[in-house]
Chemist: 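Before I ask anything, let me first share the structure, which is written out below as structure tokens.
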Amino acid sequence: MYNSKEPIVTVLMPVYNGETFLEEAIESILNQTYRNFEFLIINDGSTDNSANIIEKYDDPRIRFINNEKNLKLYNTLNKGISLARGKYIARMDCDDISMPDRLEKQLAYMEDNPDVGITSGNLTQFIGQSDYIERVEHEEIRFRLLFYCCIVHPTVMMRKDFVKENNLLYKHSGAEDYDLWVRAIQYFKIEKLDECFLYYRYHNNQLTQTNTKEIKYSANSIVQTQLSNLNISADRIDWEAHEAVAQNIAAKSRGDRLRGMLILPDKVAPTVEWINYLIAQNREMNIYNFLFESHLNQVRRDILLFQEMLREVIKNAKGRKVYLFGSGKAGEVFLDYFNKIGFAVSGFLDNSPTRWGQTVQGIEVHNPDDLLNHNNDLFIIIATWTVRFRIDMIQQLKNIGLDKDADFTDLVPES
């Protein structure tokens, strides 16, 4: 039963001009399988219909606070922490949808693991990408935070007393969540559960899309602070190389190992040098555990192995027309990459009839059957991030007598 006097969980949701998706967000919380929570909604000076939408809900769990003026996100979040009555604070954004059992599962884990101060989870993206569910332990999160913000803010549940005891309020940084995780992990455990907690919506009006420059600047400042712990000064940081390493680590966390290997040949040596320097500094300062060196060694192997495979592809494709098998986002990324290194692509192949005859960056998409069965002068590069599609494509090409490596490649290392 819901106890209005003693909520165990406070769901904290700031709102600023969120009328478009607000109802879906609210209802996803009100329909949670776990019931003993307060839903603290703070309208941060919205000028649209957000306040009216919130006020139409007649549910005793909702506490509606109306800021007289726009305080900005970080101040509104801190206000929410001070007002929260729950033992735990679960974050929610006004443009996302929480899974029905999110609170139930996160609360159970927090209750069973009193040393964990923050849990997060996985998400499904509204743009239709495949889900990738991972479980990430504390030390792995600590390692990743050196390179990028690996915790999705609206999937978080925080232990309120841990937050208050360590004075872990949000700061105005443009990347206030990233900053908070980096500070919080110094005091207690943060873990990512192998559960999907959220439908995460990408759209042009969200803060991460409208404030990209400010967020990037702030994120770099947060990274720089962490690198200083390794006795690396600001003028010694190779930002391009660090970004390449971050891209590799983030891509693998999404199950997209290949995406993280696409480094231009002239950037390989500086990136490897930066990796070696990071490892040397950690050996000297002893900030991170064994995962640090292990992961960075794997990044280095990935980068060098991909370049070796790329050289072999260029050799095998010499004098032949190159086609990318897959005309979606991965195909576009491959095309951009190959254009940058001067490797000509003649066209796309795609198994989807709706794509045939279309063009991607001016290059035509073809029915594989129209070319593969009648033309031996082709070299095929599989272009998809999705493992099951890649497996199907490999079998499709083998079924018509093409030889892997000699006639086609998927550019994904065996190990």
Side-chain angles (χ1 to χ4, degrees), residues 140 143-150 216-217 219-254 256-318 322 324 330 332-345 379 381-383 385 405 409-415:
E140 173 76 16
F143 165 75
R144 291 186 189 180
L145 285 172
L146 179 61
F147 298 93
Y148 69 103
C149 184
C150 58
K216 179 66 174 176
Y217 177 83
N220 283 350
S221 176
I222 294 164
V223 169
Q224 183 176 319
T225 299
Q226 295 176 88
L227 287 172
S228 70
N229 295 330
L230 290 169
N231 198 28
I232 298 175
S233 60
D235 60 353
R236 179 62 179 83
I237 299 172
D238 186 334
W239 285 109
E240 197 168 7
H242 197 79
E243 179 64 29
V245 176
Q247 176 181 301
N248 182 283
I249 295 166
K252 279 189 285 192
S253 77
R254 300 188 299 268
D256 293 340
R257 184 183 179 195
L258 178 57
R259 192 196 300 251
M261 299 167 73
L262 298 177
I263 296 176
L264 296 175
D266 63 336
K267 306 299 181 186
V268 171
T271 303
V272 169
E273 180 183 340
W274 178 246
I275 290 171
N276 294 339
Y277 182 59
L278 288 175
I279 291 173
Q281 291 303 108
N282 189 56
R283 286 178 178 177
E284 178 183 335
M285 304 303 295
N286 197 30
I287 301 298
Y288 298 92
N289 72 0
F290 70 95
L291 288 174
F292 185 87
E293 190 163 336
S294 174
H295 286 332
L296 288 180
N297 281 334
Q298 182 61 58
V299 173
R300 181 175 52 211
R301 284 193 294 270
D302 279 353
I303 292 170
L304 295 176
L305 183 56
F306 178 79
Q307 293 300 315
E308 181 182 327
M309 295 175 67
L310 182 62
R311 288 190 291 270
E312 189 69 17
V313 165
I314 292 173
K315 183 182 76 173
N316 290 338
K318 188 175 182 179
V322 174
L324 297 178
E332 291 193 62
V333 171
F334 271 65
L335 181 61
D336 287 339
Y337 182 84
F338 290 139
N339 284 339
K340 288 175 182 176
I341 65 172
F343 184 60
V345 173
F379 188 84
I381 299 175
I382 293 174
W385 308 130
D405 297 330
T409 184
D410 62 350
L411 282 175
V412 177
E414 297 295 334
S415 61

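Quick note: numbers below take in every heavy atom, side chains included, and nothing from hydrogens, waters or symmetry partners.
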Chemist: Just how far is it from atom CG of Leu305 to atom CE of Met261, taken to the nearest 0.5 Å?
Modeler: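 Leu305 atom CG to Met261 atom CE measures 5.0 Å (nearest 0.5 Å).
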Chemist: Could you work out, with ring pair (Phe, Tyr, Trp, His ring centres under 6.0 Å) as the rule, every residue matching Tyr288, not counting sequence neighbours?
Modeler: Phe292
Chemist: Do Gln298 and Asp302 have side-chain N/O donor and acceptor atoms under 3.5 Å apart?
Modeler: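 Indeed, the side chains of Gln298 and Asp302 share at least one donor-acceptor pair under 3.5 Å.
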Chemist: Measure the spacing between CZ of Arg236 and CG of Leu230 and express it to the nearest 0.5 Å.
Modeler: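 Rounded to the nearest 0.5 Å, the CZ-CG separation comes to 12.0 Å.
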Chemist: Once rounded to the nearest 0.5 Å, what's the spacing between atom CD of Glu284 and atom CD1 of Ile279?
Modeler: 14.5 Å
Chemist: According to side chain to side chain donor-acceptor pair (under 3.5 Å), does anything in residues 261-279 pair up with another residue at least two apart or in another chain? List the pairs.
Modeler: Glu240-Lys267, His242-Trp274, Asn276-Arg300
Chemist: Charged N to carboxylate O under 4.0 angstrom, Glu312 versus Lys315?
Modeler: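 Result for this pair is yes, salt bridge flagged.
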Chemist: Is there a side-chain contact (heavy atoms from CB on, under 4.5 Å) between Phe338 and Val313? Walk through the geometry before answering.
Modeler: CA-CA 12 Å; Phe338 290 139; Val313 165; 5.8 Å; no
Chemist: Phe379: what forms a ring pair (Phe, Tyr, Trp, His ring centres under 6.0 Å) with it, not counting sequence neighbours?
Modeler: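 Checked Phe379 against ring pair (Phe, Tyr, Trp, His ring centres under 6.0 Å); zero matches.
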Chemist: Near Tyr217 OH, under 6.0 Å, is it more than 12 heavy atoms from other residues, nucleotides or ligands?
Modeler: no
Chemist: At what distance, to the nearest 0.5 angstrom, does CD of Glu140 lie from NE2 of His295?
Modeler: 3.5 Å
Chemist: Which distance, rounded to the nearest 0.5 Å, do you find between the CD1 of Ile222 and the CG of Leu146?
Modeler: 12.0 Å
Chemist: Just verifying a value: how many Å separate Trp385 CH2 and Phe334 CZ, rounded to the nearest 0.5 Å?
Modeler: 5.0 Å
Chemist: Take Leu227 and Gln281 through the test side-chain contact (heavy atoms from CB on, under 4.5 Å) and record every step on the way to the result.
Modeler: CA-CA 9 Å; Leu227 287 172; Gln281 291 303 108; over 6 Å; no
Chemist: Tell me, with the steps shown, if Val223 and Trp239 meet side-chain contact (heavy atoms from CB on, under 4.5 Å).
Modeler: CA-CA 10 Å; Val223 169; Trp239 285 109; 3.9 Å; yes
